[in-house]
Engineer: 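One structure coming up, written as structure tokens, with questions to follow.
Only heavy atoms go into these numbers, but all of them, side chains included; no hydrogens, no water, no symmetry mates.
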Amino acid sequence: MRKPLVVGNWKMHGELASARALALAVRHAEGHCVGVEIAVCPPFVHLGGVLEVLSGSEVASGAQSVCEFEGGAYTGEISAQMLRDLGVRYVIVGHSERRALFGESDAHVLAKLRQVQAVGLTPILCVGETLQERQADDTEKVLARQLEGVLDAPDAAALLADLVLAYEPVWAIGTGETATPQQAQAVHAFIRARVAGAGPLRAAALRVLYGGSVKPDNAPQLFAMPDIDGGLIGGAALKAADFIAICVAARARLGLA
Ligand code: PEP
């Protein structure tokens with residue numbers, strides 16, 4: 001049984017006080033979400049304050065990105081080791097906003113993923129197609145390309161050993177458009193089948209999250225799908241009640257919600 005995981009991506013929103021208040025609200029609700037793993041990803045500069053609030057709780061923290069290099073003269077960057085020192089557990093890599101707005105290629109994303117794993121943290125690798133690519137019927141081709149750096153690597157088994165994948169159709173991020181549960185399930189099944197080609201046992205255990213306008217009202221249908229192991233949540237993660245409702249909905253995967 002794959003443990004459901006719900007991750008909140010707070011992006012570049014909020015200030016320290018609101019970040020701490022949001023973390024506190026999530027912490028207070030963790031008793032309603034037993035069996036579901038929860039993580040929140042505040043902006044870098046709020047990680048320390050959020051970690052303090054979450055200290056002693058089961059709610060994990062994640063970072064939204066990381067430097068592709070181990071360390072050195074990289075002005076403005078944050079290394080994986082620095083995140084580990086803080087107490088972060090997860091790091092999002094390859095978010096579509098990083099790819100589209102900051103020019104991150106598949107090669108950059110893979111380098112980041114390796115940095116994260118090298119220090120013992122878990123990368124959440126985001127993949128997903130644009131609307132144009134979906135309309136051209138290229139969804140599987142795009143996803144295969146985004147995954148090939150991991151799946152075709154000589155050390156694919158090691159890369160897959162501690163990894164979370166997130167399918168985030170770009171056209172559904174922050175747009176209010178959501179993939180239907182059936183559309184999302186079809187892609188999740190495709191992803192799992194690709195991973196099975198590199199490691200069948202690992203594919204069965206791998207968590208594949210769905211991200212793209214998940215809200216309390218559509219989460220139950222999405223989480224009812226056999227290959228959707230939780231969610232990567234943007235907008236709704238900024239509202240404590242909505243995020244918590246989504247975490248509670250993920251309990252359905254355990255037969256509990
Ligand atoms: C995201 O940015 O990862 C995301 C899924 O955002 P939203 O839930 O707002 O679509």
Side-chain angles (χ1 to χ4, degrees), residues 1-9 36-39 41 60 62-66 89-99 104-117 121-130 133-134 139-153 155-170 172-173 178-179 181 183-212 214 219 222-223 225-234 246 250 253:
M1 162 63 86
R2 299 184 290 266
K3 188 172 190 177
L5 171 63
V6 180
V7 181
N9 174 10
V36 174
E37 194 177 345
I38 302 172
C41 302
Q64 299 172 17
S65 186
V66 67
R89 188 178 310 161
Y90 291 102
V91 182
I92 298 171
V93 296
H95 191 281
S96 62
E97 286 154 14
R98 302 287 325 165
R99 293 177 190 261
E104 288 186 9
S105 64
D106 291 327
H108 288 127
V109 173
L110 184 62
K112 288 174 181 235
L113 187 151
R114 287 185 179 282
Q115 290 296 337
V116 173
Q117 289 189 335
L121 302 183
T122 304
I124 300 174
L125 170 62
C126 301
V127 294
E129 82 286 4
T130 63
E133 289 162 342
R134 173 161 282 263
T139 299
E140 293 189 354
K141 197 170 93 187
V142 170
L143 293 177
R145 192 207 72 223
Q146 290 172 334
L147 290 170
E148 77 187 4
V150 171
L151 300 184
D152 296 348
D155 58 342
L159 295 176
L160 289 169
D162 190 14
L163 178 68
V164 172
L165 290 180
Y167 168 55
E168 297 211 301
V170 179
I173 294 181
T178 320
Q183 278 174 324
Q185 166 58 28
V187 176
H188 281 234
F190 168 78
I191 290 172
R192 204 177 298 284
R194 293 294 294 199
V195 174
L201 286 180
R202 187 55 201 137
L206 182 84
R207 290 183 292 185
V208 186
L209 312 182
Y210 170 77
V214 178
L222 288 161
F223 295 161
M225 294 291 125
D227 286 297
I228 301 181
D229 303 306
L232 179 52
I233 319 297
I246 293 168
R253 297 200 63 74

Engineer: Does the side chain of Y210 reach to within under 4.5 Å of the side chain of P169, using non-hydrogen atoms?
Structural biologist: yes

Engineer: For K3, enumerate each residue passing the side chain to side chain contact (heavy atoms under 4.5 Å, CB included) test, keeping only those at least two apart in sequence or located in another chain.
Structural biologist: E37, R207

Engineer: I'd like to know whether S65 forms a side chain to side chain contact (heavy atoms under 4.5 Å, CB included) with K112, so could you lay out the CA-CA distance, the side-chain angles of the two residues, the decisive distance to 0.1 Å, and finally the verdict.
Structural biologist: CA-CA 8 Å; S65 186; K112 288 174 181 235; 3.3 Å; yes

Engineer: For L125 and V164: C-alpha separation, side-chain torsions, deciding distance, then whether side chain to side chain contact (heavy atoms under 4.5 Å, CB included) applies.
Structural biologist: CA-CA 6 Å; L125 170 62; V164 172; over 6 Å; no

Engineer: To the closest 0.5 Å, what do you measure between CD (E104) and SG (C126)?
Structural biologist: 10.5 Å

Engineer: Please examine the side chains of Q146 and L143, heavy atoms only from C-beta on, and report whether any two atoms are closer than 4.5 Å.
Structural biologist: yes

Engineer: Begin with the C-alpha distance, continue with both residues' side-chain angles, and end with the deciding distance and a verdict on salt bridge (charged side-chain N to carboxylate O under 4.0 Å, His left out) for R194 and D152.
Structural biologist: CA-CA 10 Å; R194 293 294 294 199; D152 296 348; 5.7 Å; no

Engineer: For the atom pair CD (Q117) and CG (D162), what is the distance rounded to the nearest 0.5 Å?
Structural biologist: 6.0 Å

Engineer: May I have the step-by-step check of side chain to side chain contact (heavy atoms under 4.5 Å, CB included) for R114 and D155, ending in yes or no?
Structural biologist: CA-CA 11 Å; R114 287 185 179 282; D155 58 342; 2.7 Å; yes

Engineer: Counting only N and O atoms by type, is there a donor-acceptor contact under 3.5 Å from the side chain of R192 to the main-chain atoms of A203?
Structural biologist: yes

Engineer: Taking all atoms of both residues into account, what is the closest heavy-atom pair of L113 and P123, and its distance?
Structural biologist: CG-CG, 3.8 Å

Engineer: Would you check if V36 and L5 make a side-chain contact, meaning some heavy-atom pair closer than 4.5 Å?
Structural biologist: no

Engineer: Before giving the answer on side chain to side chain contact (heavy atoms under 4.5 Å, CB included), spell out for V195 and V208 the whole-Å C-alpha distance, their side-chain angles and the decisive distance to 0.1 Å.
Structural biologist: CA-CA 11 Å; V195 174; V208 186; over 6 Å; no

Engineer: Mind checking side-chain hydrogen bond (donor to acceptor under 3.5 Å, both in side chains) for T139 and listing every partner two or more places apart, or none if nothing turns up?
Structural biologist: none

Engineer: Kindly indicate whether the side chain of I124, heavy atoms from C-beta on, has any atom under 4.5 Å from the side chain of V93.
Structural biologist: no

Engineer: How long is the straight-line distance from CG of L209 back to CD1 of I228, given to the nearest 0.5 Å?
Structural biologist: 10.0 Å

Engineer: If you round to the nearest 0.5 Å, how far is CE of M225 from CD of Q183?
Structural biologist: 11.5 Å

Engineer: Can you find a pair of side-chain heavy atoms, one from V6 and one from L232, that are under 4.5 Å apart?
Structural biologist: no

Engineer: Search all heavy atoms of A39 against all heavy atoms of Y90 and return the closest pair with its distance.
Structural biologist: CB-CD1, 3.9 Å

Engineer: How about L121 and V66: do any of their side-chain heavy atoms sit closer than 4.5 Å?
Structural biologist: no

Engineer: Which residues satisfy the salt bridge (charged side-chain N to carboxylate O under 4.0 Å, His left out) test with D106, sequence neighbours excluded?
Structural biologist: R99, R145

Engineer: Do the side chains of V170 and E129 get nearer than 4.5 Å, heavy atoms only?
Structural biologist: no

Engineer: Where is the tightest heavy-atom contact between A156 and A198, given as atom of each residue plus distance?
Structural biologist: CB-CB, 4.5 Å

Engineer: Which atoms form the tightest heavy-atom contact between S96 and I173, and what is the distance?
Structural biologist: OG-CD1, 3.3 Å

Engineer: Please give me the minimum heavy-atom distance between G128 and V142, naming the atom from each residue.
Structural biologist: O-CG1, 4.1 Å

Engineer: For residues V127 and L147, determine if any side-chain heavy atom of one lies less than 4.5 Å from a side-chain heavy atom of the other.
Structural biologist: yes

Engineer: Can you list everything that forms a ring-ring contact (aromatic ring centres under 6.0 Å, His included) with Y167? Sequence neighbours excluded, please.
Structural biologist: H188

Engineer: Where the side chain of D229 meets the backbone of P4, is there a donor-acceptor pair that is under 3.5 Å apart?
Structural biologist: no

Engineer: Can you name the residues that form a side chain to side chain contact (heavy atoms under 4.5 Å, CB included) with C41, not counting sequence neighbours?
Structural biologist: V7, Q64, I92

Engineer: Say you draw a straight line from CG of L159 to CG of L110; how long is it, rounded to the nearest 0.5 Å?
Structural biologist: 6.5 Å

Engineer: Under the rule for salt bridge (charged side-chain N to carboxylate O under 4.0 Å, His left out), what residues qualify as partners of E133, not counting sequence neighbours?
Structural biologist: none

